[in-house]
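Working notes, beginning with the structure itself.
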Amino acid sequence: MYCRIINKLDTACMEHSVLELWKFSQQKIHNLTEEKIIKALNRTTVSPVYGHSTDYVQLLGGIRRNGTGHIVGASALLSLYMVHVDFLSVNFDENGNEAGTADWATTPILKWEQKFMDMMENVTRHAQEIEVFYEAGRSFADISAAAMFQDIDKLIIGIVMMFIYIQLIVSKFNLVECRLLVGSIGLLCILMAFIVACGFCSLLGISYGPVHTALPFLLLGIGVDDMFVIVTCWKNLNLGNNQASLPEKIGRTLQHAGTSITVTTVTDITAFLVGSLTFLVIILTLGLAAAGIRGCILLKQKFDPNWFLAKHTHLYKFNMERAKFFPDIGQDAEIYFGRLNYSAELPNIYRLLTQFKKEENIIKNLEEWYSGFRYYVNRNIGKDIATDILSDDEFSTYISKYLFSPIGSKHQKNFRFDGHLRCGQPAPPITVSSFDFKFKLFDGPEEFLPAMNKVKKLLHESNFTTGDRFSTVWGKVLANWVTDEVIDTELYRNLSLACVCVMVCTLLLIINIMACLSVFLCVLLTLVSVGGFLHYWGQTIDSTSCIGLQLATGLCVDYAAHICLAFLSRTGTRSARALDAVTSIGPAIYSGGLSTLLAISMLALSDSYIFTSFFKIFFLVVMFGLFYGTMFLPVLLSLIGPKPYESLQATAPQPEEMKVYSLCNAEEPS
């Protein structure tokens, strides 16, 4: 009889709202008074709709109490609506987004959530005397996907600025030598490089995400550097040489590109610093390095998903208000058990549950089916499942009855069976069961990482011996926590490997150990200074900064490598070679650095955390890279620099020959 009644009952969407107190009756709600509301909130502990014990106080924010501890008012109300997701039916090819951040949901769920957000946007717009904030499961995915293209206007402005800058560098101020085609082809090469890189990464299974939206800005700055060097080398090598064929001219240009550049005012100033202010440069280097080391020591590891949200979005506003009025709400998580022999593992589950309840400093709001099931069996059957071993048949029968009882029906969502669960019939074998709980709010990795690992340790020590022995903890927040757990180690390891690769490549190309060590020192000083000053600029170690610093390693080596190569390619005293290296290659280096700053300048105006982070990183990389590469390195080379290449030493003129050459050069040609 009981099951016939149960099977005829209607099902309803699961939701948590104070409106349950009046059974969602519009008439009762309209007739409420403040006194009736306060009375219901203080006295009701069982949902009039679902019949489950419910704590309505946790749905109130900014609670005000009187002297006796009774609720007399609140500043915020929280309502939660649950949707059922069939994870086996989730298809990201159908329901994914361009950012790769789509939520685990099916098409009907996503449509329902979209309707919900449309309705709530309309409610928010017309709400009077109250403020309404909302979120849905798809909110972060939608906002992150939109963020990929929210700054497309800044990208277009950056392209125009870069095109104008290219024309100023490679063209002359007349209609004949205005090289519009050269500048256009240079930008086209950058576009082609970007498309090829995206396509190649796609072949490797690397999807295009929100972080990658900053790459066009970075490629604009980095990609034109080589064009400046090649164009300048073309001018210098082929001036007055009109007899050579075009392929021969291009070959000569590419052979010498990067070593022949015209002297500019900037390099004159740099050369003056190298020649006369050596001590000052060394002191400044030591000061910047010391400040960088201190900043690196203080650099914190922290990541907040809210940083990825623009402040005007509905999700950011909702999260801020929830943090304000519900500061202790915690982070949702679940414990999952697999295909265990539950009748035999009940004592182990009991011991695990006992340990969990002791960890009040890290978890809260533990909602588990075991205690209710134990109470139900003890009251109706007279057995204590904590000590009495149930047979498989007994467990299947009792768990089925419990899940259809008034106190146990809410836990049906915590089970999945190898078959259909039917009232009045033994339950099929359990494939998955779960406990729900919340992690307390933590200030940073130093708190939440030990909490996460403590839960993992308890599960590892649960000593399940039957079935697949599977048990794990899961929650959306754990994705960020696991990242934080490894990101600092990954960052330092990857930077170390990148520096080793830079050193090896530099050694193979420059073929001089002393020069290689000098370049490596500049790269190391640049990275230390960038990391330290990121701390002073309010940046932390997260996935975005890790990617930026990794890319910075390849960029900062350029400045030092060009100077070092030019130094090795010249003869004379160390000081003369250092000055000649700066004055010859310096303009191309500074043009490249300026082009990078120009390309990333638009990122500073963005509301996107990713874009502003990349701006900070690459701004510091360019500034410190230029300083260490064009100021500190020449000073270092002028003091302890290596000898020129042996081929140059063998053909270098003797001092006497140089004097005669100088005298002959001063005479009128015969």
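Residue numbers start at 1 and run along the sequence shown. All values below were derived from every heavy atom in this structure, side-chain atoms included, with hydrogens, water molecules and symmetry-related copies excluded.
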What's the shortest heavy-atom distance between [X] and [Y], and which atoms?
X	Y	answer
Ser545	Thr540	OG-O, 3.0 Å
Ser434	Trp369	O-CD1, 3.3 Å
Gln539	Ser613	NE2-OG, 2.9 Å
Tyr492	Ile541	OH-CD1, 3.8 Å
Leu60	Ala74	CB-CB, 4.2 Å
Ser462	Ser471	OG-OG, 4.1 Å

Between [X] and [Y] (side chain of the first, backbone of the second, donor and acceptor by atom type, cut-off under 3.5 Å), is there such a pair?
X	Y	answer
Asp304	Trp307	no
His126	Asn122	yes
Ser400	Ser396	no

Asn66 and Thr68 side chains, donor-acceptor separation under 3.5 Å: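 There is such a pair (donor and acceptor under 3.5 Å, judged by atom type) between the side chains of Thr68 and Asn66.
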
Asn319-Asn306 side chain donor-acceptor pair, cut-off 3.5 Å: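 A pair is found: one side chain offers a donor N or O, the other an acceptor, under 3.5 Å apart.
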
Hey, are the side chains of [X] and [Y] touching, using non-hydrogen atoms and a 4.5 Å cut-off?
X	Y	answer
Thr45	Ser53	no
Ile487	Ser543	yes
Leu366	Leu353	yes

Check against salt bridge (Lys or Arg N to Asp or Glu O under 4.0 Å), Glu360 and Lys364: CA-CA 6 Å; Glu360 296 179 351; Lys364 58 184 294 186; over 6 Å; no

Sole residue of Tyr402, Tyr342, Tyr350, Phe337 in ring-ring contact (aromatic ring centres under 6.0 Å, His included) with Tyr370: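 Checked Tyr402, Tyr342, Tyr350, Phe337 against Tyr370; only one passes ring-ring contact (aromatic ring centres under 6.0 Å, His included): Tyr350.
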
Ring pair (Phe, Tyr, Trp, His ring centres under 6.0 Å) between Phe303 and Phe308, intermediate numbers included: CA-CA 10 Å; Phe303 172 72; Phe308 283 88; 5.3 Å; yes

Enumerate donor-acceptor pairs with a distance under 3.5 Å from any side-chain N or O in residues 27-39 to protein atoms, sequence neighbours excluded.
from: Asn31; atom 1: ND2; to: Gln27; atom 2: O; distance (Å): 3.1
from: Thr33; atom 1: OG1; to: Lys36; atom 2: N; distance (Å): 3.3

Intermediate values then yes/no, ring pair (Phe, Tyr, Trp, His ring centres under 6.0 Å), Phe614 and Phe611: CA-CA 5 Å; Phe614 273 108; Phe611 284 5; 8.0 Å; no

Residues Glu135, Arg322; criterion salt bridge (Lys or Arg N to Asp or Glu O under 4.0 Å); working and verdict: CA-CA 11 Å; Glu135 73 158 341; Arg322 182 172 59 180; 3.4 Å; yes

Tyr375, OH: over 12 other non-hydrogen atoms inside 6.0 angstrom: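 Counting other residues, nucleotides and ligands, OH of Tyr375 stays at 12 neighbours or fewer.
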
Pair Tyr134 and His314, ring centroids less than 6.0 Å apart: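 Yes; His314 has its ring centre under 6.0 Å from that of Tyr134.
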
Test log, rule salt bridge (Lys or Arg N to Asp or Glu O under 4.0 Å), inputs Asp436 and Lys413: CA-CA 10 Å; Asp436 301 329; Lys413 66 182 180 64; 2.7 Å; yes

Worked verdict on Asp468 versus Arg339 for salt bridge (Lys or Arg N to Asp or Glu O under 4.0 Å): CA-CA 6 Å; Asp468 57 13; Arg339 293 176 178 268; 5.4 Å; no

Distance in Å, Tyr336 OH paired with Asn414 CG, rounded so as to fall on 0.5 Å steps: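 These two atoms lie 8.5 Å from each other.
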
Rounded distance [0.5 Å steps], CD1 in Ile363 versus CZ in Phe435: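 Answer for the CD1-CZ pair, Ile363 versus Phe435, is 11.0 Å.
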
CA sep, side-chain torsions, deciding dist, call: Phe533, Trp537, ring pair (Phe, Tyr, Trp, His ring centres under 6.0 Å): CA-CA 6 Å; Phe533 279 79; Trp537 209 339; 9.5 Å; no

Summary of disulfide bond (SG atoms under 2.5 Å apart) pairs that have at least one residue in residues 413-476, sequence neighbours excluded: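 Counting only pairs at least two positions apart or across chains, the disulfide bond (SG atoms under 2.5 Å apart) contacts touching residues 413-476 are Cys3-Cys423.
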
Show the atom names and distances, to 0.1 Å, of all donor-acceptor pairs under 3.5 Å that link a side chain in residues 448-460 to residues at least two apart or in another chain.
from: Asn453; atom 1: ND2; to: Leu449; atom 2: O; distance (Å): 3.1
from: Asn453; atom 1: ND2; to: Glu485; atom 2: OE2; distance (Å): 3.4

Residues Thr354, Phe356; criterion side chain to side chain contact (heavy atoms under 4.5 Å, CB included); working and verdict: CA-CA 5 Å; Thr354 302; Phe356 260 79; over 6 Å; no

